[in-house]
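Here's the structure we're looking at; comments come further down.
Labels below follow one simple rule: chain letters A, B, ... track the order of the sequence lines, proteins then strands, and each chain is numbered from 1. Everything numeric here is computed off the predicted structure, so don't read it as measured data.
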Amino acid sequence: MENNEEIKASNFIKTILRKDIEEAKNDGRVHTRFPPEPNGYLHIGHAKSICLNFGIAEEFGGKCNLRFDDTNPLKEDTEYVDSIKEDVKWLGFEWGETEFYASDYFDKFYEFAVKLVTKGVAYVDSLTPEEIKEYRGNLKEPGKNSPYRDRTPDENLELLQKMKDGQFADGECVLRAKIDMSSPNINMRDPIMYRIANTEHHRTGDKWCIYPMYDFAHGLEDSIEGVTHSICTLEFEDHRPLYDCFLDQLEVFHPQQIEFARLNLTYTMMSKRNLLTLVNEGYVSGWDDPRMPTIAGLRRRGYTPASIRNFAEMIGVSKANSIVEYAQLEYCLREDLNKVAQRVMVVTDPLKVVITNYPEDETEMLTAENNPECEADGNREIPFCREIYIEKDDFMEDPPNKYFRLSPGKEMRLKHAYYITCDEVIKDDNGEVIELRCSYDPKSRGGWTDDGRRVKGTAHWVSAKHCIDAEIRMYDHLFTIPNPSRRKKGEVFTDNINPDSMKVVSALAEPSLASIEAGKHFQFLRIGYFTSDKDTTDGKPVFNKTVGLKDTWAKMKK
RNA sequence: AGGGGUAUAGCCAAAUUGGCAAGGCAGCUGGUUUUGGUCCAGUGUACUGCAGGUUCGAGUCCUUCUACCCCUGCCA
């Protein structure tokens, strides 16, 4: 609901924005962009950036461009641009009719490069990659000038043309900005603007064999699009002088780069490289494995766009490195799912209960509300009969204090059905409880009596005669330690992978779940939120455990 | 003396020009409840990284120090 004004948290970026608007900088325009490189799948960290950039545009009446920063054909692919578009759309953001591509500006970039060469502030360097590295110096020592640094503009122009024309092999030469080889900021030591890559680009084909580097291209992309505030992550702080430098020298519209801290989450890993390893080495089933922090993974797991957007709003934006507790994400998820998920009954670890005083062949239909949080969702009918299953956990032969489920001689409510009392416990040869004999109170139909009886415990159940099989995939964190990127010496990140991050359980579900489509959210009463997986077939639903319900009883037991 | 950043409760994070240190998550207590869910109410000694200084008054200004993060791709 957009009409009840949400109170949005303040952050340092909005403070800058408000000031800029007040001072009528850029005529008071606010224009941001989300600039993913199409070389991998988006994850929740990107979601933070998406929400930030699109959110700002929305809040300040501006625009946000979706721009693919596709300047490196070696790593990029259309597969990724498709998935990125899908994910942004799914999160609920719209970028208008135009999607932007850095590759659309390749001609302009080249013109700008020619201009800088003509000005004498860029040159073609013929050092080998190894030599360039050597000449760059290091953190302690300044670099030294390339012997090719003083080539004349005419000479450079000619060489640049040849680079463009494909007269050089990969790595034979590069175009560099002539800045300062002794700068304490290594990015300023004559950064490379263009490199040669005789590779097809997924959008420009074989038109180009030279491709611009991030530092040269990015500010220009922003400038060309009229972006006012170019929001990126902290590691680009050192690049800002360069960002400014190119724009100043070219005398073009000058957006402002602002850096914020990327998102880290406990028990997860965010680096694209490591995520790729998880996929390639089979630790997970793919980019959309429900345990992955990718948008695709979260979606399949059952996360909702609203939950992720709300999370992004809730955690705020700052420049301090931080690790957000996973519980905060889960809170947002439960908050949303509680409002929308239909309640159903599913037994994951069945214990048979025979209701001895219930007629042998009778089946009756009982009314169950679909969602107590939303009356409009209505009711459904569920079958009840003499034999049912309840959760093993809901019975204890020798219960501790404050256990108010079923135990010998005690009464418990079956949700939406009847009160039952446990009369007899049947065990197998190993002494394990395999069946309960109970009696029900016909007066308690619907799960209530008006005689003032206090029946505290309520359990979910399914009818033995009518229930269906369901596969449930129970998930846990992918890593066993809160900060898997900060591990002990000598360990690789895969050493901390949780071997029990997925357990497949076959469960018994109420018959209404017999034919459902994928991607539906449910609350399995008293267990948690579950979402039907794409592996679901007619008659055999497959569910992903999205997140458990808060369980204060489990906490008490500890 | 490389450079660039950041330090506010277990976690995240606000704080107009210096003016009693928000809020959320987690935790804990109660209440409501046909989900031990939801909901409601309550709940914190934060020496604002340390040490000094300026000031009637400092998280905000000044100085010293410490810890952590980022930078030596023809990646972004």
Side-chain angles (χ1 to χ4, degrees), chain A residues 7 9-12 15 35-37 39 69 71-72 74-76 125 128-129 132-134 136-143 170-176 183-189 192-197 210-211 213-215 217-218 232-241 259 261 263 266 272 311 313-332 334-335 338-339 343 345 368-369 372-373 402-405 413-417 419 444 446-448 455-460 482 523-529 548-556:
Chain A
I7 297 154
S10 178
N11 63 51
F12 78 98
T15 304
E37 182 189 13
N39 71 341
D69 203 4
T71 56
N72 184 2
L74 273 344
K75 293 188 173 179
E76 296 151 8
D125 196 354
T128 65
I132 286 182
K133 185 179 163 68
E134 197 187 316
R136 185 154 36 225
N138 55 45
L139 297 180
K140 293 276 183 195
E141 287 156 27
D170 290 5
E172 215 176 318
C173 51
V174 290
L175 182 71
R176 300 180 76 170
S183 171
N185 180 350
I186 293 180
N187 297 303
M188 300 299 272
R189 318 240 260 232
I192 293 170
M193 295 162 61
Y194 266 105
R195 78 285 215 179
I196 296 168
I210 57 172
Y211 293 93
M213 300 287 289
Y214 171 87
D215 284 314
H218 204 88
C232 62
T233 44
L234 251 28
E235 67 270 27
F236 292 102
E237 238 160 353
D238 286 342
H239 295 246
R240 188 171 0 111
E259 311 85 10
L263 170 69
T266 55
K272 270 188 194 173
F311 173 70
E313 183 62 32
M314 201 180 258
I315 56 173
V317 180
S318 76
K319 296 192 71 158
N321 286 314
S322 60
I323 306 179
V324 178
E325 289 178 347
Y326 209 91
Q328 193 150 1
L329 214 207
E330 293 186 329
Y331 168 83
C332 294
R334 290 194 190 98
E335 186 191 36
N338 178 52
K339 290 183 291 193
R343 273 61 169 171
M345 295 201 286
E369 62 191 348
E373 306 294 318
K402 294 224 172 167
Y403 181 83
F404 38 81
R405 275 110 102 151
R413 170 168 39 242
L414 295 175
K415 180 81 177 174
H416 306 307
Y419 298 164
S444 63
W448 185 253
V455 177
K456 191 116 168 88
T458 303
H460 57 280
Q523 186 197 98
F524 291 0
L525 227 56
R526 302 205 306 134
I527 303 175
Y529 295 98
L549 250 29
K550 274 215 285 187
D551 191 347
T552 52
W553 169 244
K555 228 177 264 171
M556 281 168 70

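The side chain of A:Arg343 contributes no N or O atom lying less than 4.0 Å from OP1 or OP2 of B:U35. One finds no side-chain N or O of A:Ser10 lying less than 4.0 angstrom from the OP1 or OP2 phosphate oxygen of B:A14. At least one side-chain nitrogen or oxygen of A:Tyr331 sits closer than 4.0 Å to the OP1 or OP2 atom of B:C25. The phosphate of B:G73 (OP1 or OP2) has a side-chain N or O of A:Lys133 nearer than 4.0 angstrom. Applying the 4.0 Å criterion to OP1 and OP2 of B:U38, one finds that A:Lys550 has a side-chain N or O inside that range. Distances shown here put every side-chain N or O of A:Lys140 at or beyond 4.0 Å from the OP1 or OP2 atom of B:A1. Put simply, A:Arg195 has a side-chain N or O that comes within less than 4.0 Å of OP1 or OP2 on B:C75. Remark: A:Arg413 is not in phosphate contact with B:U35, judged by side-chain N or O atoms under 4.0 Å from OP1 or OP2.
Donor-acceptor pairing under 3.5 Å, judged by distance alone, is present between the side chain of A:Asp238 and the base of B:G3. Side chain A:Arg334 to base B:G37: no donor-acceptor pair is found below 3.5 Å. Between the base of B:U35 and the side chain of A:Gln523 there is a donor-acceptor pair shorter than 3.5 Å.
A search for side-chain hydrogen bond (donor to acceptor under 3.5 Å, both in side chains) contacts involving A:Thr233 returns A:Glu235, not counting sequence neighbours. Applying the salt bridge (Lys or Arg N to Asp or Glu O under 4.0 Å) rule to A:Arg240 yields the partners A:Glu259; only residues at least two apart in sequence or on another chain are considered. Not counting sequence neighbours, the partners of A:Arg405 by the salt bridge (Lys or Arg N to Asp or Glu O under 4.0 Å) test are A:Asp394. Listed by chain and number, the residues in a ring-ring contact (aromatic ring centres under 6.0 Å, His included) with A:Trp553 are A:Tyr403 (sequence neighbours excluded). Among residues two or more places apart in sequence or in another chain, the salt bridge (Lys or Arg N to Asp or Glu O under 4.0 Å) test is passed with A:Arg413 by none. Under the salt bridge (Lys or Arg N to Asp or Glu O under 4.0 Å) criterion, A:Arg189 pairs with no residue at all, not counting sequence neighbours.
For the salt bridge (Lys or Arg N to Asp or Glu O under 4.0 Å) condition, no pair includes a residue of residues 320-329 of chain A, sequence neighbours left out.
Of the candidates B:U72, B:A26, B:G24, the closest approach to any side-chain atom of A:Ala327 belongs to B:A26. Nearest nucleotide to the A:Asn11 side chain, out of B:A14, B:U35, B:G36: B:A14. Of all nucleotides listed (B:U33, B:G37, B:G27), B:G27 comes nearest to the side chain of A:Lys555. For A:Asn185, taking side-chain heavy atoms from C-beta onward, the closest of the listed nucleotides B:G3, B:G37, B:G36 is B:G3. The side chain of A:His239 sits closest to B:A76 out of B:G37, B:A76, B:C74. Here B:U38 is the nucleotide among B:U72, B:U35, B:U38 with the atom lying nearest to any side-chain atom of A:Asn338.
Put simply, NZ on A:Lys339 and CD on A:Glu373 are 10.0 Å apart, with the number rounded to the nearest 0.5 Å.
Consecutive pairing runs in RNA chain B reach the stem threshold at B:2-7 with B:66-71, B:10-12 with B:23-25, B:27-31 with B:39-43, B:51-53 with B:61-63, where a stem means at least three Watson-Crick or G-U wobble pairs with distances under 3.5 Å.
B:U29 and B:U60 have their C1' atoms separated by 36 Å, given to the nearest Å. The gap from the P atom of B:G30 to that of B:U48 amounts to 33 Å, rounded to the nearest Å. B:U17 and B:C75 are spaced 44 Å apart, taking the P atom of each and rounding to whole Å. B:C65 and B:G2 are spaced 13 Å apart, taking the P atom of each and rounding to whole Å.
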CA sep, side-chain torsions, deciding dist, call: A:Ile132, A:Arg176, side chain to side chain contact (heavy atoms under 4.5 Å, CB included): CA-CA 11 Å; A:Ile132 286 182; A:Arg176 300 180 76 170; 4.1 Å; yes
Would A:Phe311 and A:Val324 satisfy side chain to side chain contact (heavy atoms under 4.5 Å, CB included), going step by step from the backbone distance to the final call? CA-CA 10 Å; A:Phe311 173 70; A:Val324 178; 3.9 Å; yes
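The residue A:Tyr194 sits apart from the nucleic acid: no heavy atom pair falls under 4.0 Å. Heavy atoms of A:Ile186 sit under 4.0 angstrom from primed sugar atoms or phosphate atoms, though from no base atom. Here A:Val317 lies in heavy-atom contact (under 4.0 Å) with sugar-phosphate atoms only.
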When you check every protein heavy atom under 4.0 Å of nucleotides 5-11 of chain B, what one-letter string (B, S, -) results, 5' to 3'? SS---BS
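Not one N or O on the side chain of A:Arg343 forms a donor-acceptor pair closer than 3.5 Å with the backbone of A:Arg526.
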